[in-house]
Amino acid sequence: MSEFLKDVFAVLGYIGLPIFAVGAFLKLWGEKWLESHFSTARDSLNRAHDVQLAELERRHTFLLEELRASLTRDFDRRSRVHQLEFEAVPKAWELTRTAFYEARRTLSAFQSYDQISSLTSEERDEFLTEHGIPKWDRRFIDESEDPDRAWVDVRNRRDLRNAKAACGEATRYVGRYAILLNDQTKESFNTLLECMWKALVEYSIALDYRRMKIPPEGNEKARELFEERGDSMLSALERSVRTILISGGGGGTPPPPTTP
């Protein structure tokens, strides 16, 4: 090989060694930089993923707690409604039943009355006191030409007041707790109570005519209806009430649950 070529190779070898070293350094530095860059990006993504996962877990826990609280509220509400049913429905039945028998006794055509005309003044006062007759009715009896007939009128009116009071109490109570009743039971209560009210009002008008000695109009349709169908209405109502208590629910519409 010529001396010239030897010199060229010597120069190239002298220059190539630093270039190779620089290239190796750049390669190593580039690999480290890329690894660091991707590691930082990967850590950032992992942190973001962890944050999202923690937020999802927190939200999931919150929704589970809300669902548990909602179910607890709904269960408590239904328990209270059922407890109220077992308290209110029997009482409504008992009040209506009491009003029914008060009305039947008041409207009955077969009643016996005491003869007070044969009593002395002291005996009559004691008798009227025992029956809870107020002073104005006592005065009406004392001033009447026929004390026995006056006593019949006073006692009928007293029984009528008691029957109206019982019917009114039952009507108010049923109306207050009507939301606990299904449509059929509610209709049974209302039908029977309305029948009683109409019969009692009709009887009250008849007593007014009798006291004023005015011939009655002869309208006894409401009392006849009560006499004919009262027992069957009461029996139907009793069956409906028993169904509610046995099934454990009235089928009415309870108050809406509280929105979470």
Side-chain angles (χ1 to χ4, degrees), residues 74-113 132 152 155-210 216-257:
D74 186 63
F75 177 78
D76 292 341
R77 180 180 60 87
R78 291 182 180 276
S79 297
R80 290 194 299 269
V81 169
H82 289 162
Q83 180 63 30
L84 188 58
E85 284 176 347
F86 283 108
E87 294 175 358
V89 174
K91 185 174 180 179
W93 156 251
E94 186 61 31
L95 289 174
T96 303
R97 179 173 171 273
T98 300
F100 174 84
Y101 286 111
E102 282 285 346
R104 167 182 272 186
R105 185 173 61 84
T106 299
L107 299 172
S108 176
F110 305 100
Q111 299 191 48
S112 61
Y113 300 90
V152 170
R155 206 194 80 169
N156 287 340
R157 289 181 179 277
R158 182 204 61 184
D159 294 344
L160 178 62
R161 286 193 300 269
N162 293 339
K164 282 185 175 181
C167 191
E169 184 180 6
T171 301
R172 288 189 297 272
Y173 194 87
V174 170
R176 185 183 310 159
Y177 294 102
I179 194 172
L180 301 174
L181 307 173
N182 57 43
D183 293 339
Q184 179 182 355
T185 307
K186 190 187 307 181
E187 181 67 20
S188 297
F189 269 112
N190 292 336
T191 300
L192 179 57
L193 289 170
E194 183 180 1
C195 182
M196 284 191 285
W197 271 117
K198 289 182 177 180
L200 291 173
V201 169
E202 185 181 273
Y203 181 62
S204 177
I205 295 173
L207 290 181
D208 290 337
Y209 280 163
R210 188 183 304 170
E217 296 180 352
N219 185 5
E220 299 181 356
K221 292 181 180 180
R223 282 173 284 176
E224 290 175 355
L225 178 63
F226 178 74
E227 181 67 25
E228 293 173 1
R229 298 187 55 193
D231 288 327
S232 61
M233 290 181 184
L234 186 68
S235 298
L237 177 59
E238 182 179 8
R239 289 193 298 271
S240 186
V241 169
R242 286 182 181 274
T243 300
I244 290 178
L245 298 179
I246 292 174
S247 63
T253 305

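All of these numbers come straight from a predicted model, not from anything done at the bench.
The number of heavy atoms from other shown groups lying within 6.0 Å of CZ (R161) is above 12. With a 6.0 Å radius and a threshold of 12 heavy atoms from other residues, nucleotides or ligands, R229 has its CZ atom at or below the threshold.
Going from atom CZ of R158 over to atom CZ of R155 covers 6.5 Å, rounded to the nearest 0.5 Å. Taking OG of S204 as the reference point, atom CG of L200 lies at 8.5 Å (rounded to 0.5 Å). Rounding to the nearest 0.5 Å places CG of L192 at 11.5 Å from CD of E187. Note that CG of L234 is 10.5 Å distant from OG of S188, once rounded to the nearest 0.5 Å.
Using a 4.0 Å cut-off between a side-chain N of Lys or Arg and a carboxylate O of Asp or Glu, R172 and E169 do not qualify as a salt bridge.
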Side-chain polar contacts of residues 93-100 - donor-acceptor pairs under 3.5 angstrom, sequence neighbours left out - could you list them?
| unit_1 | atom_1 | unit_2 | atom_2 | d |
| --- | --- | --- | --- | --- |
| T96 | OG1 | A92 | O | 2.8 |
| T98 | OG1 | E94 | O | 2.9 |

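Residues M196 and L107 fail the side-chain proximity criterion, which asks for heavy atoms closer than 4.5 Å. Here the side chains of K186 and F189 are not in contact, with every heavy-atom distance at 4.5 Å or above. Put simply, the side chain of M233 reaches to within 4.5 Å of the side chain of T191, judged on heavy atoms. Contact check for F226 versus K198: no side-chain heavy atoms found under the 4.5 Å cut-off.
Counting all heavy atoms, side chain and backbone alike, E202 lies closest to R223 at OE2-NE, 2.9 Å. Of all the heavy atoms in D159 and T106, the pair that sits closest is O-OG1, 3.2 Å. Between L193 and C167, the shortest heavy-atom distance links the atoms O-SG, 4.1 Å. Of all the heavy atoms in R157 and D208, the pair that sits closest is NH2-OD1, 3.0 Å.
Under the ring pair (Phe, Tyr, Trp, His ring centres under 6.0 Å) criterion, Y203 pairs with no residue, sequence neighbours left out.
Within the 3.5 Å criterion, the main-chain N or O of R104 finds no donor-acceptor partner in the side chain of S108.
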